[in-house]
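All remarks here apply to the structure that follows.
Quick note: residue numbers are just sequence positions, from 1.
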Amino acid sequence: MEPHLGEKYESPEQFKLCLTNYAVANGYQLRFAKCDRSRILVRCGKKSDENKCPFRCWASWMGNELTWQVKSLEKKHVCARKYSLGSLITPGWIANLYLNELIRNPKTKVKEMKADFLQNYSLKLSRGQCERARALSFTLIDGKLTDHYARIWDYGWLKGCRKVIDLDGCFLKGKVKGELIAAIGRDGNNQIYPIAWVVVNVENNDNWKWFIELLQSDIETVEGNRVTLISDQHKGLLEAVKEVMPHAEHRQCARHICANFYKRFSGEIYKTLFWEATMSTTDQQFKNNMEKMKELNNDAYDDLMKRNPKTWCRAYFATDRACEAVENGVSESFNSSIVGARGKPLIIMLEEIRLHVMERFDAMKRSTNSWKTVVAPKILIKMKKWHKNMRNWMVIPSGPLLEVRNGYEGYMVDLASWTCTCRLWVLSGLPCVHACAAINHTHQNLLDYVSDWFKKEKYHLAYSTSIVPLNGSNLWVKTPYDKLLPPKEHRMPGRPSVKRKRDQTEKKTKYSTVSGKGKIKKCHNCLQEGHNARTCKNEKVVPPPKEKKPPGRPKKPHSDEAPSKQPTTSGGRGGRRPTRERGGRGSSVGRSGGRGGRSLIDEIFDSPTENEVINMFDNFEEDVFRAEMERGESSHMMQFPESQFDEGVPITQDDGVPETQFDVENANWEDQSHVVGGIAFNVPIIREKFNPRKPSG
């Protein structure tokens with residue numbers, strides 16, 4: 001899986017898994033230069049490589065939602081393939097990849113694991129990696145099987161039970177505004193089948209009720225019996241269906257529900273959990289997925305349960321309609337196919353739609369000549385996608401029934417009644433992967449178990465009738481009715497929109513960088529939010545110094561021992577010496593040591609005008625400290641606030657020691673010694689040893 005700029009993930013763990021798979025597939029030795037809960041920086045190659053690979057990937061949390069996103073990406077690689085990726089390959093990654101193999105053959109040896117990974121993934125693993133991964137796999141297997149046996153009393157299955165019509169409306173784009181509402185069906189090849197369409201002034205309860213009454217009369221149904229309707233959440237449409245077709249199964253478009261849900265709870269993990277719940281085909285599977293949502297956010301769980309899951313979850317759909325669809329995508333496809341006609345005057349628009357449907361019906365009727373089987377081509381592609389992992393399922397016959405298993409998952413298949421306990425077969429009319437494995441096990445023809453709705457015979461019946469051609473307007477007979485007037489034109493402010501406004505879940509960027517929309521701007525000049533430095537009119541503010549964190553992980557004290565209150569030692573050059581407490585930067589008492597800290601002299605000369613003094617003494621701190629220790633003048637514990645080192649502010653002490661001030665520019669460099677902050681050091685000795693030069697000025 002290759003990373004892409006702007007790609008979103010549920011969590012950093014999911015992003016790291018993607019990069020690991022990408023590295024293994026291509027042999028890239030990726031390393032995490034920075035990796036924590038808020039940011040990840042990935043580079044290619046070792047730190048010591050002279051010719052470094054330019055690959056660089058930066059990802060972090062989005063500012064306005066709970067989503068991990070790739071913010072910066074350089075894809076180019078100039079490195080050779082690596083066969084040993086080191087710590088990038090964790091025991092957990094190996095265990096998850098090799099879990100099913102160990103379930104089938106628990107006696108797999110470490111040597112066999114190494115050989116399999118080298119052959120299948122061109123990856124060299126160490127013996128220790130394989131041993132740890134094998135132990136972790138058995139822990140996962142035992143734990144999961146234990147959970148299954150603990151629920152042995154929960155065994156059970158549900159039975160369920162198709163004509164499907166999608167209802168939707170779209171705006172007209174000409175001078176005269178209005179809406180076109182349509183009823184769209186699905187043919188045997190899962191393509192749009194226009195049934196009826198009409199132009200109204202607005203979508204409301206009365207217009208939808210009138211349209212549905214005419215539709216019910218045309219399709220010859222009584223109160224919607226044995227009919228499924230799919231629509232968005234328009235209130236007028238919902239009320240009209242309840243009045244006219246009270247017995248119809250009314251599904252709500254899951255994509256519209258997800259868009260409304262995403263407005264309150266943004267984040268890729270919410271979207272993933274929602275679609276897992278929507279695609280659940282059994283009641284227990286839906287409850288398990290909703291429990292995950294409840295653990296993440298109880299308010300999100302309550303929000304979805306208020307939306308009546310029986311209208312958008314597969315687990316509660318009728319099972320005799322040969323359609324498992326959870327969204328009205330065919331209506332959107334029809335609206336898109338007539339987008340050009342929707343911007344034209346009324347009569348021309350209706351004529352273009354009629355001609356479009358006439359041509360479509362004739363083309364669909366002739367398309368069956370290229371079919372290679374009795375089943376529609378798009379249905380075969382759909383089945384191939386479903387049955388991709390059929391070989392992983394093991395079939396255990398038991399009389400007329402068959403049990404299909406894959407590790408700890410198991411389903412019962414009855415080929416005689418065309419049912420599987422996963423319910424996908426009775427929902428869609430197509431054999432699920434479990435039924436396909438069972439059919440293959442019994443050496444039968446898979447196409448014999450496909451519903452007749454998807455076969456050539458039904459397809460011919462759908463397109464057996466056609467729209468009757470009409471004469472042109474030059475031959476129309478004039479009627480004696482009063483002439484109608486067009487509705488009043490309501491011109492909205494601004495330039496009229498022609499393109500459909502896409503939902504935020506549909507947007508795809510065409511730019512090379514991630515959009516900054518929704519981010520909170522912060523000015524680097526005045527450190528205030530709401531604008532940037534380019535438009536800032538405030539005075540410049542010096543940012544506070546950043547707190548320097550010590551390298552490495554913090555050491556935890558032993559549980560049996562209390563933390564020592566004695567001063568710890570600080571490392572110098574190649575050795576350890578006692579820590580001397582001194583006034584440090586940003587704190588009352590600092591630590592002085594080797595290169596890991598800053599000394600008193602560093603603080604005194606910390607200004608732009610004394611850069612040469614800093615250069616003179618920066619590398620000789622330990623020698624000065626050693627001289628101080630020998631002279632025994634380290635008894636005073638002094639505090640030097642940072643503000644006292646500014647120009648013109650005297651250095652003061654709180655321990656009764658007289659004030660001292662060191663004037664660098666006017667200092668007498670021929671004196672034998674100088675006293676700074678109560679600490680004496682011999683300048684000639686240092687000068688003789690280190691040969692400093694007199695500062696300028």
Looking only at non-hydrogen atoms, find the nearest pair between [X] and [Y] and report the distance.
| X | Y | value |
| --- | --- | --- |
| Ala341 | Ile353 | CB-CG1, 4.3 Å |
| His434 | Cys422 | ND1-SG, 3.5 Å |
| Ala240 | Ile212 | CB-CD1, 4.0 Å |
| Tyr411 | Cys420 | CB-SG, 4.0 Å |
| Ala277 | Met290 | CB-SD, 3.8 Å |
| Trp68 | Ala59 | NE1-CB, 3.2 Å |

Please answer whether the main-chain N or O of [Y] pairs with a side-chain N or O of [X] as donor and acceptor at a distance below 3.5 Å.
| X | Y | result |
| --- | --- | --- |
| His441 | Ala437 | no |
| Ser464 | Leu461 | yes |
| Asp414 | Ala416 | yes |
| Ser280 | Thr282 | no |
| Asn298 | Lys294 | no |
| Gln285 | Thr281 | yes |
| Ser217 | Leu214 | no |
| Thr421 | Met412 | yes |
| Asp187 | Asn190 | yes |
| Asn204 | Asn207 | yes |

Among Trp312, Tyr301, Tyr262, ring-ring contact (aromatic ring centres under 6.0 Å, His included) partner for Phe274: Trp312
Chi angles and distances behind the salt bridge (Lys or Arg N to Asp or Glu O under 4.0 Å) call for Arg366, Asp362: CA-CA 6 Å; Arg366 289 185 284 105; Asp362 183 66; 3.0 Å; yes
Ring pair (Phe, Tyr, Trp, His ring centres under 6.0 Å) partners of [X], counting only residues at least two apart:
| X | value |
| --- | --- |
| Trp371 | Tyr459 |
| Phe265 | Phe261, Tyr270 |
| Phe334 | none |
| Tyr316 | Phe286 |

ring-ring contact (aromatic ring centres under 6.0 Å, His included) pairs, two or more places apart, involving residues 180-205: Tyr193-Phe361, Tyr193-Tyr463
Close side-chain approach of Glu352 and Ile338, heavy atoms under 4.5 Å: no
Parallel, tilted or perpendicular, as decided by the 30° and 60° cut-offs, for the rings of Tyr9 and Phe15: perpendicular
Qualifying residue for side-chain contact (heavy atoms from CB on, under 4.5 Å) with Met245, from Glu223, Gln216, Glu213: Gln216
Pairing residues for [X] by the side-chain contact (heavy atoms from CB on, under 4.5 Å) criterion, not counting sequence neighbours:
| X | answer |
| --- | --- |
| Leu415 | Leu402, Val413, Trp425, Ala438, Ile439, Thr442, Gln444, Tyr449 |
| Asn96 | Leu140 |
| Ser11 | Glu13, Gln14 |
| Asn21 | Leu17, Trp93 |

Is the closest basic N to carboxylate O distance between [X] and [Y] below 4.0 Å?
| X | Y | value |
| --- | --- | --- |
| Glu249 | Arg251 | yes |
| Asp166 | Arg186 | yes |
| Glu10 | Lys292 | no |

State, without any angle test, whether [X] and [Y] hold a side-chain donor-acceptor pair at a distance under 3.5 Å.
| X | Y | answer |
| --- | --- | --- |
| Gln284 | Asn288 | yes |
| Asp232 | Gln252 | no |
| His256 | Gln233 | no |
| Thr311 | His250 | no |
| Thr67 | Gln69 | no |

Residues forming a salt bridge (Lys or Arg N to Asp or Glu O under 4.0 Å) with Lys287, sequence neighbours excluded: Asp283
With rounding to the nearest 0.5 Å, note down the distance linking [atom1] in [X] to [atom2] in [Y].
| X | Y | atom1 | atom2 | answer |
| --- | --- | --- | --- | --- |
| Arg226 | Thr221 | CZ | OG1 | 10.0 Å |
| Cys436 | Leu430 | SG | CG | 11.0 Å |
| Ile269 | Lys8 | CD1 | NZ | 15.0 Å |

Intermediate values then yes/no, side chain to side chain contact (heavy atoms under 4.5 Å, CB included), Glu203 and Ile181: CA-CA 8 Å; Glu203 276 190 88; Ile181 57 179; 4.0 Å; yes
Asn440: partners by side chain to side chain donor-acceptor pair (under 3.5 Å), with sequence neighbours left out: none
Side chain to side chain donor-acceptor pair (under 3.5 Å) involving Lys209 - partner list, sequence neighbours excluded: Glu243
Derivation of the side-chain hydrogen bond (donor to acceptor under 3.5 Å, both in side chains) call for Lys71 and Ser60: CA-CA 7 Å; Lys71 302 291 184 64; Ser60 62; 3.1 Å; yes
